[in-house]
2 protein chains.
Amino acid sequence: MADVAAEAHVSVKTVSRVVNHEPGVRPDTAERVRAVIERLGFRRHDGARLMRQGRTFTIALVVEDLANPFYSQVGAAVEREARIRQHQLITASAEGSPSRERAVIEALVNRRVDGIVVVPADESASSDAVLEASHTPIVYMDRPVRGTPRDTILSDNHGGIRSAVEHLVAHGHRNIAFYGDDPAFWTARQRRDAFVATHEGLGLPGSPRVSMGPHSSGSVQETLVPWSRGPEPITAVITGNNRITLAVLLALREQRLPLSLVGFDDFELAALIDPPVTVVHQDPAAMGQKAAQQLFARLLGDESPAQTVVMPTRLIVRASGLRRAALNR
Amino acid sequence: MADVAAEAHVSVKTVSRVVNHEPGVRPDTAERVRAVIERLGFRRHDGARLMRQGRTFTIALVVEDLANPFYSQVGAAVEREARIRQHQLITASAEGSPSRERAVIEALVNRRVDGIVVVPADESASSDAVLEASHTPIVYMDRPVRGTPRDTILSDNHGGIRSAVEHLVAHGHRNIAFYGDDPAFWTARQRRDAFVATHEGLGLPGSPRVSMGPHSSGSVQETLVPWSRGPEPITAVITGNNRITLAVLLALREQRLPLSLVGFDDFELAALIDPPVTVVHQDPAAMGQKAAQQLFARLLGDESPAQTVVMPTRLIVRASGLRRAALNR
DNA sequence: CGGTGGTCAGACAACGCTGTCATGCCGGCA
DNA sequence: TGCCGGCATGACAGCGTTGTCTGACCACCG
């Protein structure tokens, strides 16, 4: 900038004014400065600019694994909201490790990002003190965190599972099993509890048959086979997420069991699988958008108490939820 | 930092030394400073630090759409490489628009990111001048760009298509159609040309039947039906990417045509579709990793001429490539 | 003709840190 | 005792901007 100023016989401040389209520069002066800028290939150094202004126009997204479709859709939505507001997005993976997540968040705070969206690795609020001290706004997604109340965007796990159970029951199923992921995950427990509660609420016979993961096709079969052959055989399965749905599909295929299936989480090409899989759809893009919007509201000075938003889910009915019902007719 | 210095009765420089674990500070002084840092909740401002040092320890990834599984896998790999090297990753979407891409890249250069990985929207090298002037290293991925030679990481489109054709021919197919994406895409043209070349190289009968997109299930059927019913009916189809594979699958299903199929691009659950889809697998994670590694080599001072790396593809044989061959036996 | 107000431009400090150089102190040695 | 070298520490400038304040100049008005 100093070079430009010297070359154009003006002060750096005037160059600054021209670069930032500030008023109060005579058109011919501005034109002369612009010409020099062009000739010298000058570009404003945003790092210095932002440092001066105390804001970075940068937000961050911390997830477990960017390659996971759920997170990548969230990422795309958050990036979009950021771009619209002239912010940039730093994405970081914590790979599911709370300590790494802590390190990542501290690094982001050190960079003075304006705000952070996090899908927390666990519920321990491990970076609470740092965030508190730095006043960095944060929005949690998908899973809540203990400690200071924070803005949190969740999926309606309970409603989603309930709609799955009700759908199956409406099609004549009475004996339904639930396969969930590792109960270390908050969402896995939520969905399991929702299943049990709905099972009891609807007065389905026997005690709920629940198997929690981590699951592989093999581990699924260990319970799937006895449950579908014993007394009161199950005629349908509900799965707690994507990964489990896959494991169950493989197990069903291997055992040639024509059970109904409703999976939590939609996935690409669910419609093309045989049979097309009925799913509880949650909308990662909408969740990410909502999270980013909430974050930007905070950046604009919204001081209202932290709020938790529960995003609705939607049952997408495809053939897999109907199969056995057809046989029962 | 000044606050800490005052409180600890030392100079800011000493605080800086402690924060950065520089030698030459007496242990008791360091301890005193650390205590104050702790008490005051001081955190080093990395923005200022990096500005002083002239590097940002940040790289950027520019893609079309972060939600696309291909790009999100690339993103995860690049982020991983960045994290390993203590860098952060800014991700940005250009949504396929060259002008937006240009704007995005200029913004990144203004931020003085240390380097950029780009999946370019077109071949126009629209930001060449900016990059040249700023000396920002850049690595292109998936598609080459005209102009100044740059490091470029590509998939072996030709080899991939050839392996697909050869696979089908080995299973007795002679009449094979190719469905490609919009020829505006470099990769779409590459794969089409590879198909035509292989078709001729192997001396398959007639002229190659090729239909370029953009495609929907409907547009595919317009050619699929005549080609599979006319004289010399096709018995197999090769698709130019993911999206087209999906369209063809739907078309085949709708028309109840039991043709063989080999798709370019693997996709989640390809194994669970009926029939399981044989694909030419390209490895986005490996490509992203390679691109990042190349970028970091440049950052470390590698001045060798720009190089183009072609990453191998791998044919994953599943049932869809064999179906008609079985009927032919 | 002096005062007033507006327009354009520049000087300067500051954002928070670190590289460079200077300083003070101490022990050891001739 | 005087000198030297090494260690711990500090003063200062500068990274590239921008906010604030000041100043020069001109036109207009009473």
Side-chain angles (χ1 to χ4, degrees), chain A residues 1-37 40-58 86 88 106-114 133-136, chain B residues 1-34 36-37 40-58 86 106-114 133-136:
Chain A
M1 206 173 236
D3 294 352
V4 175
E7 198 85 1
H9 305 293
V10 295
S11 71
V12 285
K13 180 62 207 188
T14 298
V15 178
S16 170
R17 278 194 261 261
V18 172
V19 168
N20 297 301
H21 307 104
E22 279 175 38
V25 180
R26 242 183 19 228
D28 57 329
T29 311
E31 193 42 59
R32 199 171 71 237
V33 171
R34 266 193 295 271
V36 176
I37 286 177
L40 266 49
F42 166 80
R43 335 218 84 229
R44 183 179 62 196
H45 187 310
D46 276 346
R49 165 169 225 249
L50 300 175
M51 152 155 182
R52 185 67 233 270
Q53 303 190 145
R55 294 201 38 196
T56 55
F57 282 85
T58 306
Q86 322 269 30
Q88 311 227 265
E106 291 195 8
L108 292 167
V109 169
N110 283 351
R111 290 226 172 178
R112 304 296 194 269
V113 295
D114 294 335
S134 66
H135 301 114
T136 308
Chain B
M1 204 173 238
D3 294 351
V4 173
E7 198 85 1
H9 304 293
V10 295
S11 71
V12 286
K13 180 62 207 187
T14 297
V15 178
S16 169
R17 277 194 261 262
V18 172
V19 168
N20 297 302
H21 308 105
E22 279 176 38
V25 179
R26 244 185 14 230
D28 57 329
T29 312
E31 193 42 59
R32 198 170 73 238
V33 171
R34 266 193 294 271
V36 177
I37 286 176
L40 265 51
F42 166 80
R43 334 218 85 229
R44 182 180 63 196
H45 187 309
D46 276 346
R49 165 168 223 251
L50 300 175
M51 153 154 181
R52 185 67 232 271
Q53 304 190 144
R55 295 202 37 198
T56 56
F57 283 85
T58 306
Q86 323 268 32
E106 292 196 8
L108 293 167
V109 168
N110 282 352
R111 290 226 172 179
R112 304 294 194 269
V113 294
D114 294 334
S134 65
H135 301 115
T136 309

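All of these numbers come straight from a predicted model, not from anything done at the bench. We name chains A, B, ... by the order of the sequence lines, and we start the count at 1 in each one.
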**OP:** Calculate the interatomic distance between A:Arg55 atom CZ and D:dT17 atom C1'; express it in whole Å.
**Re:** 17 Å
Subject >> Qualifying residues under ring pair (Phe, Tyr, Trp, His ring centres under 6.0 Å), relative to B:Phe42, sequence neighbours excluded >> reply: none
Original post:
Within the structure shown, what part of the strands sits under 4.0 Å from A:Asp46 by heavy-atom distance: base, sugar-phosphate, or nothing?
Top reply: nothing
Original post:
In whole angstrom, what separates A:Glu22's CD from D:dT20's P?
Top reply: 11 Å
**OP:** Mind jotting down which residue pairs meet the salt bridge (Lys or Arg N to Asp or Glu O under 4.0 Å) criterion with at least one end in residues 44-56 of chain A? Sequence neighbours excluded, please.
**Re:** A:Arg44-A:Asp46, A:Arg55-A:Asp114
Original post:
Which nucleotides of nucleotides 6-16 of chain C have their base under 4.0 Å from a protein heavy atom (B), which only their sugar-phosphate (S), and which neither (-), written as one string 5' to 3'?
Top reply: --SBBB-BBBB
Original post:
Is there any salt bridge (Lys or Arg N to Asp or Glu O under 4.0 Å) pair reaching into residues 20-29 of chain B, and which pairs are they, with sequence neighbours excluded?
Top reply: B:Arg26-B:Asp28
**OP:** Mind listing the closest non-hydrogen atom pair of A:Val19 and A:Ile37 along with its distance?
**Re:** CG2-CD1, 3.7 Å
Throw together a table of side-chain donor-acceptor distances under 3.5 angstrom for residues 1-9 of chain A, partners on residues two or more places apart or in other chains.
unit_1, atom_1, unit_2, atom_2, d
A:Glu7, OE2, A:Arg39, NH1, 3.4
A:Glu7, OE2, A:Arg39, NH2, 3.4

Original post:
To the nearest angstrom, how far is B:Arg111 atom CZ from D:dG16 atom P?
Top reply: 18 Å
Original post:
Partners of B:Thr29 by side chain to side chain donor-acceptor pair (under 3.5 Å), sequence neighbours excluded?
Top reply: none
